[in-house]
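Predicted, not measured: the structure shown is a model, and the values here were computed from it.
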Amino acid sequence: MTNKDKQTIIIVLGLMAFLANGDNYAAAPLIINIAKDLNLSLTTAAVSVTAYMLSFGLFTILFGPLGDRFGKTKIINIAAFGTAIFSMLGAFAFNLPSLVFFRAVNGAFGAGIFPVTMALVGEVFEPQERQKSIGKVMGMMFLGGASATLIGGVLAYFGSWRAVYFIYGLGELILAIVMLKKLPKLPGRIDKLNLTGIYKQALSNGKLIAVVSTIMLVGFSVFGSFTYTGKLVQSKTGYNILIVGIVLTSFGIATVIGGRIAPKLRAKLQNKFLLVLGLTGSVSLYLLSAANSTALIVVALFGFGLAFVSLQSTLVSTAQETMPTLRGTAMSLASFNMFVGGAIGTSVNGKIINLYNNYSYVFIGASIAMLLVSFIATYTVKNAMKK
């Protein structure tokens, strides 16, 4: 496989990750419009977001082993077409049950994009290229999430919430067609699909469990706080949702840049890499809690994104190395733990906000958590790489 072919794979997978993650996060600014259009209360309309997330989390566990058995490209292609079709169908929802159904099925197929994509990258690229390649795709994925508030807000402003789902789905459909020609047709790595046996093998791998548990802590500290960044920025600046969306893209841009430079930083800093980036993330989160100027908030979000993608790409590539023949399963566990950590963090931080009515406290707590994660991740990765 030529370098040009490999770069094409990264571009196609990165764009799909951008759209699939954006499809998820773009729902947040749409809830008010959905509730009004379908004559629902705000909390009732939010059930559609919950349906997507629950379905995504549940099916994450299934797609990785399917990729190991039937080939990662085949599973990604199916997931891409599925998430595209049901995203577009969401634009034609006529009541709450139809919207919940379309979004839930969309989430189920969307669950096949992230873990299997990371596993495919790990299978295609050599060890010396792996972290950088994973970081590039991951950076595009989180840029999609960070910019979704802006994209969703603009599309909804000039069109409607239906246009957001349809346009994201149409973009995914175009990419799904491109994927049929551009992704390598790799065979499965195992002879039969035995979910119980596969996960028994994975869960008995102490090194893998240590790494994915650390990923859960990253999810807790990062996603558990990032959910509230929009509200924090809005409370500090008074900006409308579109301007807030522009500010939040600083996080996404940092994940793209961080994905490219993380391997170089790791080579330079050696064993201090995760500690330094964890400290960067910790300081950035504290700055986010304390800053009131837009410039400092942008800088803090950038440092937050840079630290996150550096930690996460290192942990993801390490998780794959603990089970090279079951990369898909390893990535399912990594993705599931990241999702669970984010869900727990979001819930805990929601209670903190309700108790103290202060968004800054969330980011002070996340700052402390990020610092602890950097020490745990350093030990975990060092231990996992031992023969």
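Clustering of Ile, Leu, Val, Met, Phe, Trp and Tyr by side-chain heavy atoms under 4.5 Å joins Y379 with none of the others.
Closest approach of L371 to S282, counting heavy atoms only: CB-OG, 3.8 Å. Listed here is the closest heavy atom pair of A330 and L208: CB-CD1, 4.0 Å.
No donor-acceptor distance shorter than 3.5 angstrom exists from the side chain of S335 to the backbone of S332, with no hydrogens or angles considered. A donor-acceptor pair under 3.5 Å is absent between the side-chain atoms of S347 and the main chain of A343, judged by distance alone. The backbone N or O of S221 sits less than 3.5 Å from a side-chain atom of S225, completing a donor-acceptor pair. Looking only at distances, a side-chain donor or acceptor of T214 sits under 3.5 Å from a matching main-chain atom of A210. Judged by distance alone, the side chain of N349 and the main-chain N or O of Y228 form no donor-acceptor pair under 3.5 Å. Checked by atom type and distance alone, the side chain of S55 never pairs as donor or acceptor with a backbone atom of Y52 at under 3.5 Å. With hydrogens and angles ignored, the 3.5 Å screen pairs a side-chain donor or acceptor of T249 with a backbone N or O of I246. Under the 3.5 Å distance criterion, the side-chain polar atoms of S367 are left unmatched by any main-chain donor or acceptor of F363. Side-chain N or O atoms of S250 include none that pairs as donor or acceptor with a backbone N or O of V247 at under 3.5 Å. A side-chain donor-acceptor contact under 3.5 Å links S289 to the backbone of Y286.
By the criterion of side-chain heavy atoms lying less than 4.5 angstrom apart, applied directly or through intervening Ile, Leu, Val, Met, Phe, Trp or Tyr residues, L54 is not grouped with L99; the two fall into different hydrophobic clusters.
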Listed pairs under 3.5 Å, donor-acceptor, residues 61-82 side chains, sequence neighbours left out:
| unit_1 | atom_1 | unit_2 | atom_2 | d |
| --- | --- | --- | --- | --- |
| D68 | OD1 | K72 | NZ | 3.3 |
| D68 | OD1 | G328 | N | 2.9 |
| D68 | OD2 | T329 | N | 2.9 |
| D68 | OD2 | T329 | OG1 | 2.7 |
| R69 | NE | D191 | O | 3.0 |
| R69 | NH2 | D191 | O | 3.2 |
| K72 | NZ | E123 | OE1 | 2.7 |
| T73 | OG1 | P184 | O | 2.4 |
| N77 | ND2 | T73 | O | 3.3 |

What pairs of donor and acceptor atoms, side-chain ones from residues 110-119 against any protein atom, are under 3.5 angstrom apart with sequence neighbours left out?
| unit_1 | atom_1 | unit_2 | atom_2 | d |
| --- | --- | --- | --- | --- |
| T117 | OG1 | I113 | O | 2.5 |

Please table the atom pairs, donor to acceptor, closer than 3.5 Å between any side-chain atom in residues 165-175 and protein atoms at least two apart or in another chain.
none

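For CG of N39, the number of neighbouring non-hydrogen atoms (other residues, nucleotides, ligands) closer than 6.0 Å is 12 at most. Counting heavy atoms of neighbouring residues, nucleotides and ligands inside a 6.0 Å radius, atom CZ of F302 exceeds 12 of them. Under a cut-off of 6.0 angstrom, the local environment of NZ in K351 is sparse, with at most 12 non-hydrogen atoms contributed by other residues, nucleotides or ligands. Enclosure of atom CZ in F59 is not indicated, since only 12 or fewer non-hydrogen atoms of other residues, nucleotides or ligands lie within 6.0 angstrom.
Rounding to the nearest 0.5 Å gives a distance of 10.0 Å between CG of L38 and CZ of F94. Note that the CG atom of L311 and the OG1 atom of T378 stand 8.0 Å from one another [nearest 0.5 Å]. With rounding to the nearest 0.5 Å, the separation of CD1 in I344 from CZ in F339 is 10.0 Å.
A salt bridge (charged side-chain N to carboxylate O under 4.0 Å, His left out) check over residues 12-26, counting only residues at least two apart or in different chains, returns the pairs D23-R103. Within the structure, the salt bridge (charged side-chain N to carboxylate O under 4.0 Å, His left out) test picks out no pair touching residues 353-382 (sequence neighbours left out). Counting only residues at least two apart or in different chains, salt bridge (charged side-chain N to carboxylate O under 4.0 Å, His left out) contacts with residues 305-327 comprise R130-E321, E321-R327.
Residues V309 and I257 form no side-chain contact, since every pair of their non-hydrogen atoms from C-beta on lies 4.5 Å or further apart.
Qualifying ring-ring contact (aromatic ring centres under 6.0 Å, His included) partners for F375, counting only residues two or more places apart in sequence or in other chains: none. With sequence neighbours excluded, the residues that form a side-chain contact (heavy atoms from CB on, under 4.5 Å) with V244 are V233, Q234, Y239, L248. For F308, the ring-ring contact (aromatic ring centres under 6.0 Å, His included) partners at least two apart in sequence or on another chain are F142, F223. Applying the salt bridge (Lys or Arg N to Asp or Glu O under 4.0 Å) test to R266 and every residue at least two apart in sequence or in another chain returns nothing. Y356 pairs by the ring-ring contact (aromatic ring centres under 6.0 Å, His included) definition with Y361, not counting sequence neighbours.
Of the candidates Q131, M138, K136, K132, M138 is the only one forming a side-chain contact (heavy atoms from CB on, under 4.5 Å) with I134.
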With side chain to side chain donor-acceptor pair (under 3.5 Å) as the criterion, how do S98 and N95 come out once you've worked through the C-alpha distance, each side chain's angles and the decisive distance to 0.1 Å? CA-CA 6 Å; S98 64; N95 57 18; 2.9 Å; yes

